[in-house]
Novice: 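Dropping the structure in here first, questions after.
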Amino acid sequence: MQSESQRSVRLRFAPSPTGYPHLGNIRTALFNWLFARRHDGIFILRIEDTDVARKVEGAVDIILDSLRWLGLDWDEGPYFQSQRLSIYRETAQRLIDEDHAYSCYCSPERLGAMRQEQMKRKQPPKYDRRCRDLTQQQGTELKAAGVTPVIRFKTPLEGETTFHDLIYGRVTFRHDTLDDFVLLKSDGYPTYHLANIVDDHFMDISHVLRAEEWLSSTPRHVLLYQALDWQAPQFAHLPMILGPDRAKLSKRHGATNINEYQKEGYLPDAMVNFLALLGWSLDDRTELLSREELIKHFSLERVGKTAAIFNKEKLEWMNGVYLRRLGLTEFVHRAMPFLDKSLPESVRRPLDEGYVSQVLSLIQERAKTLAEVPQLADFFFLDELLYDARLLSKGKLDAKSGIKAIMAASQKLEQAATWDAITLEGILRALATELKLPAGELFGVLRVAITGRTAAPPLFQTMAVLGKEKCLKRLEMALQLLEADLN
RNA sequence: GCCCCCAUCGUCUAGUGGCCUAGGACAUCAGCCUUUCAAGCUGAAGAUCAGGGGUCCGAAUCCCCUUGGGGGCACCA
């Protein structure tokens, strides 16, 4: 009891570099991080690279980058299991010495065939324990024949294991539903089960927060801790994040890799806020929480048990909220790389920061992601607009009256002494009255002429930013289009 | 097939026996604002709390069964 509360809080995020981290992995990292920070604990990063065959080049860097991007800073590590092989081998040897493990010489072929046969007979696929009670002589013979064994755990044949999960409560597994799982592979690398508990023990991990998919391997881990006479950490299994088809997140679910979200222009703070709400909630109404608030309020008691489906639309909304909350300077700073990357090549670089700033003040509240900023703003940068001439006469004004209106507007604007939104509005409203046109119709035609589209930021502010010369040029161009349309 | 877990609006969720004729958010629809879009505001629609049995004066909340969904069952993690 006392030792429990005294034990220092040490959490770890332990991804395997067999692919890029997806939303589920990152949510696990986030909860570990939040819990560690909440309790002034230590957050450790450990790379579980024990699968040589499935290792993906560059995955480690992407994992580190993703954590850095989201601001999930770690206090220790990254540790690499591939550099700690001797510890696992020693532990495996100790288990053999103490009769908790044994060498198994069965070939992968035999095991595969057996599994298939069992499945065919609709029986649970389990190792038949053929090597469990090999005599020393039999073992020596097999070894002499050149077979490299794996080390298997001697799972108790009878009884059951119960553990207390911080989220799911009491969970019990009968031993006869388990089999003698592999601890050490024939290539000398440990399996997840061995490496994981050895590291958690020696790294003095106090709480293991991991996805629910691990729940059914927990009894094996508990059994291992018991066999080694080590104190097990507290387990907390987190509800899964599922794809829209309600299945476990995988490659076929499209953009689930976290770096995709960075590329799509989501803000780290929005991402963290959103992910925190997948499986955790503060109360019945609070949804927007800063990093500090999340740390302050995070608790396992408020983590749910039901799997969540990731809902991108809500993320977009939340990202929009965070985008709008940014100061203009910060917004410009964040959006600049996206403009740089996605604006057409014809646009001169480097972009003028003063001009970009004026433009983006009109774009900020219209963007849900940074990646759509270039799309929303490109007409501010383009020299020549390319658009369908029919947009000009799409409203109630036909081509003829459109021409008339644009010509009149050009004339008035040419004489404008000053060029700001208020002045422009004055001039054009007066013109609408003069032409006996509803203001909205006149503005509509001009909007298309100026921006090349029917939906855009407010017309007068847009014109003010673009400047007199460019605006008049665009009106001229619209006239040509309309005239061509008439013929 | 076996084992484990879960089950409230389309989605994320609040709810731990009476405050629930079930609350909030996203999305949807309508209206307002308005030069378009966006934002904002207001409102609507949307869950017989998976179904069926109990327990109780009283059940979304406790128990059981059924159904459904998910996860696990590798010399992968």
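In what follows, every chain begins at residue 1, and chains take the letters A, B, ... in the order their sequences are listed.
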Novice: With Arg130(A) as the cation and Tyr127(A) as the aromatic partner, state whether NZ or CZ is under 6.0 Å from the six-membered ring centre and within 45° of the axis.
Specialist: no

Novice: Given atom CG of Asp176(A) and atom C1' of rC4(B), what is their separation to the nearest angstrom?
Specialist: 14 Å

Novice: Look through every strand shown and name the nucleotide pairing with rG1(B) as Watson-Crick or G-U wobble, where both distances are under 3.5 Å.
Specialist: rC73(B)

Novice: Within the 4.0 Å limit for protein heavy atoms, which parts of nucleotides 71-77 of chain B are touched? Write it as a string from 5' to 3', B for base, S for sugar-phosphate only, - for none.
Specialist: SSBSBBB

Novice: Side-chain N or O of Arg429(A) versus OP1/OP2 of rU35(B): is the shortest distance under 4.0 Å?
Specialist: yes

Novice: Between atom CD in Glu117(A) and atom C1' in rG1(B), what is the gap in whole Å?
Specialist: 14 Å

Novice: In whole angstrom, give me the gap between the C1' atoms of rG24(B) and rA14(B).
Specialist: 7 Å

Novice: Rounded to whole angstroms, how far apart are CD on Gln123(A) and P on rC3(B)?
Specialist: 13 Å

Novice: Can you tell me how far C1' in rU13(B) sits from the matching atom in rA47(B), rounded to whole Å?
Specialist: 13 Å

Novice: Could you state the OH-C1' distance from Tyr168(A) to rC3(B), rounded to the nearest angstrom?
Specialist: 16 Å

Novice: Between atom CD1 in Ile363(A) and atom C1' in rU36(B), what is the gap in whole Å?
Specialist: 13 Å

Novice: Please output the side-chain donor-acceptor pairs of residues 443-461 of chain A that fall under 3.5 Å, not counting sequence neighbours, one pair per line with the distance.
Specialist:
residue, atom, partner, partner atom, Å
Thr451(A), OG1, Arg447(A), O, 2.7
Thr451(A), OG1, Arg453(A), N, 3.2
Thr451(A), OG1, Arg453(A), O, 3.1
Arg453(A), NH1, Gln375(A), O, 3.2
Arg453(A), NH2, Gln375(A), O, 3.2
Arg453(A), NH2, Asp378(A), OD1, 2.6

Novice: Can you name the one residue among Ser16(A), Pro78(A), Pro21(A) that meets side chain to side chain contact (heavy atoms under 4.5 Å, CB included) with Ile63(A)?
Specialist: Pro21(A)

Novice: Find the partner of rU28(B): check Watson-Crick (N1-N3 plus N6-O4 or O6-N4) and G-U wobble (N1-O2, O6-N3) distances, both under 3.5 Å, and reply none if neither fits.
Specialist: rA44(B)

Novice: Determine the contact category for Arg210(A): base if any of its heavy atoms lies under 4.0 Å from a base atom, sugar-phosphate if only primed atoms, P, OP1 or OP2 are that close, otherwise nothing.
Specialist: nothing

Novice: Quick one, Phe274(A) and Lys312(A) - any side-chain contact, counting heavy atoms below 4.5 Å?
Specialist: no

Novice: What residues, two or more places apart in sequence or in another chain, satisfy ring pair (Phe, Tyr, Trp, His ring centres under 6.0 Å) together with Phe379(A)?
Specialist: none

Novice: Give a yes or no on whether a salt bridge exists between Arg291(A) and Asp269(A), defined as a side-chain N under 4.0 angstrom from a carboxylate O.
Specialist: yes

Novice: Rounded to whole angstrom units, what separation is found between the CZ atom of Arg366(A) and the P atom of rA39(B)?
Specialist: 9 Å

Novice: Could you tell me the Watson-Crick or G-U partner of rU61(B), where both distances fall under 3.5 Å? Say none if there is no partner.
Specialist: none

Novice: With a 4.0 Å cut-off on heavy atoms, is Thr172(A) in touch with a base, just the backbone sugar-phosphate, or nothing at all?
Specialist: sugar-phosphate

Novice: Tell which nucleotide pairs with rA38(B), taking only Watson-Crick or G-U wobble pairs whose two distances are both under 3.5 angstrom.
Specialist: none

Novice: Test salt bridge (charged side-chain N to carboxylate O under 4.0 Å, His left out) on Glu330(A) and Arg334(A); report intermediate values, then the result.
Specialist: CA-CA 6 Å; Glu330(A) 178 69 10; Arg334(A) 298 257 181 190; 3.0 Å; yes

Novice: If the test is ring-ring contact (aromatic ring centres under 6.0 Å, His included), which one of Trp280(A), Phe298(A), Phe13(A) qualifies with Phe31(A)?
Specialist: Phe298(A)

Novice: Hey, does Ala439(A) reach any base, or is it just sugar-phosphate, or nothing, if we go heavy atoms under 4.0 Å?
Specialist: nothing

Novice: Taking protein heavy atoms under 4.0 Å as touching, what does nucleotides 19-28 of chain B look like 5' to 3' if B marks base contact, S marks sugar-phosphate-only contact and - marks none?
Specialist: ----BBBSS-

Novice: Please work out if Leu459(A) contacts a base, only the sugar-phosphate, or nothing of the nucleic acid, heavy-atom cut-off 4.0 Å.
Specialist: base

Novice: Considering only the C1' atoms, how many Å lie between rC19(B) and rC41(B), rounded to the nearest integer?
Specialist: 29 Å

Novice: Could you give the side-chain donor-acceptor pairs of residues 114-121 of chain A under 3.5 Å, partners two or more places apart or in another chain?
Specialist:
residue, atom, partner, partner atom, Å
Gln118(A), OE1, Lys126(A), N, 3.0
Gln118(A), NE2, Lys126(A), O, 2.9
Arg121(A), NH2, Gln123(A), OE1, 3.3

Novice: Say you pick atom P in rG40(B) and the same atom in rA77(B); how far apart are they, in whole Å?
Specialist: 47 Å

Novice: Which part of the nucleic acid, if any, lies within reach of Pro457(A) when heavy atoms closer than 4.0 Å are counted: base, sugar-phosphate only, or nothing?
Specialist: base

Novice: Roughly how many Å apart are rC49(B) and rC5(B), using the P atom of each and rounding to a whole number?
Specialist: 25 Å

Novice: Separation of Phe443(A) atom CZ from rU35(B) atom C1', in whole Å?
Specialist: 5 Å

Novice: Does CD1 in Ile422(A) sit with more than 12 non-hydrogen atoms of other residues, nucleotides or ligands closer than 6.0 Å?
Specialist: no

Novice: Closest nucleotide of RNA chain B for Glu301(A) versus for Arg324(A): which of these residues is on the 5' side?
Specialist: Glu301(A)

Novice: Roughly how far apart, to the nearest Å, are rG46(B) and rC4(B) at atom C1'?
Specialist: 34 Å

Novice: Can you name the residues that form a ring pair (Phe, Tyr, Trp, His ring centres under 6.0 Å) with Phe153(A), not counting sequence neighbours?
Specialist: Phe181(A)

Novice: Is the shortest distance from a Lys or Arg side-chain nitrogen in Arg46(A) or Asp200(A) to a carboxylate oxygen in the other one below 4.0 Å?
Specialist: yes

Novice: Between rU67(B) and rA30(B), how far is it from one C1' atom to the other, in whole Å?
Specialist: 39 Å

Novice: With heavy atoms under 4.0 Å as the rule, sort Gly279(A) into base, sugar-phosphate or nothing.
Specialist: sugar-phosphate

Novice: Take the protein atom CZ of Arg302(A) and the nucleotide atom C1' of rU16(B), then report the distance between them rounded to whole Å.
Specialist: 11 Å

Novice: Using atom P in both nucleotides, what's the gap between rU16(B) and rA22(B) to the nearest angstrom?
Specialist: 16 Å

